[in-house]
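These notes concern the structure reproduced below.
Throughout, protein chains are lettered first and strands after them, A, B, ... in sequence-line order, and every chain is numbered starting at 1.
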Amino acid sequence: KNQVEQSPQSLIILEGKNCTLQCNYTVSPFSNLRWYKQDTGRGPVSLTIMTFSENTKSNGRYTATLDADTKQSSLHITASQLSDSASYICVVSVYSGGGADGLTFGKGTHLIIQP
Amino acid sequence: NAGVMQNPRHLVRRRGQEARLRCSPMKGHSHVYWYRQLPEEGLKFMVYLQKENIIDESGMPKERFSAEFPKEGPSILRIQQVVRGDSAAYFCASSPPWGRANTEAFFGQGTRLTVV
């Protein structure tokens with residue numbers, strides 16, 4: 001069964017500090033992995049997307065890594081800001097060959113940045 | 001490009017009524033996905049549609065729920081005879097045809113359904 005597990009479930013850090021969120025998946029055949037940020041009451045917004053051959057991808061203060069061998073990904077946030085408070089969702093895409101990639105969502109990590 | 005538009009943003013229905021949720025995909029996108037998010041839960045896949053076709057409805061409850069994406073107009077998620085357990089946020093995402101591994105899916109702001 002395709003699954004995406006995220007840890008921790010929730011995290012509280014002080015403004016300016018760094019943090020790392022984890023994502024483990026058992027999805028096959030793997031197509032790509034995405035990290036989304038979901039602000040409270042809003043739709044998810046894409047941060048990064050990585051295919052099998054990509055190990056790392058950055059988007060400003062967000063850096064995602066992917067180890068396709070161990071089926072693990074991490075999202076590192078540098079110099080956190082209050083606006084980083086949100087849920088971060090790991091999504092893994094299954095390649096179906098017919099053009100209809102299925103998406104499996106993790107439950108998200110709820111990040112709170114304190115001043 | 002206005003992005004994925006969902007309406008209404010908030011919908012209140014009494015038990016037994018019908019709920020209709022609308023999703024207009026981004027311009028040029030022919031694929032639509034519907035997801036449900038219960039409080040404190042992750043996004044759960046419901047249905048994947050292309051124009052005039054349901055591709056995958058494996059996440060849809062067998063009864064009371066239906067979805068369509070007509071040739072013209074928005075995609076509609078319809079819930080008949082709503083019950084309190086249907087209260088959730090319903091998100092729509094759209095994408096162009098999947099031709100590359102890193103094709104992006106964009107989400108709407110969601111419709112929050114409350115059944116009273």
*When you check the gap from the basic side-chain N to the acidic O, do B:E18 and B:R13 get nearer than 4.0 Å?*
no
*Could you check which of B:Q37, B:R9, B:K44 has the highest count of heavy-atom pairs closer than 4.5 Å to chain A?*
B:Q37
*What heavy-atom pair brings A:Y36 and A:S46 nearest, and what distance separates the two atoms?*
CD2-N, 3.4 Å
*asked:* Is A:Q38 in contact with chain B via its backbone, its side chain, both, or neither, using a 4.5 Å heavy-atom distance?
replied: side chain
*Given that the side chain runs from C-beta out, which part of B:Q6 has a heavy atom under 4.5 Å from chain A: side chain, backbone, both or neither?*
neither
*Partner of A:S74 by side-chain hydrogen bond (donor to acceptor under 3.5 Å, both in side chains), out of A:T65, A:T56, A:N24, A:T20*: A:T65
*In terms of heavy-atom pairs under 4.5 Å, which option from A:G106, A:P44, A:G108 contacts chain B the most?*
A:P44
*Got B:F107 and A:V45 here, is their nearest side-chain heavy-atom distance under 4.5 Å?*
no
*Counting only heavy atoms closer than 4.5 Å, note whether B:Y35 contacts chain A via side chain, backbone, both or neither.*
side chain
*Heavy-atom side-chain proximity of A:F30 to A:S93 below 4.5 angstrom*: no
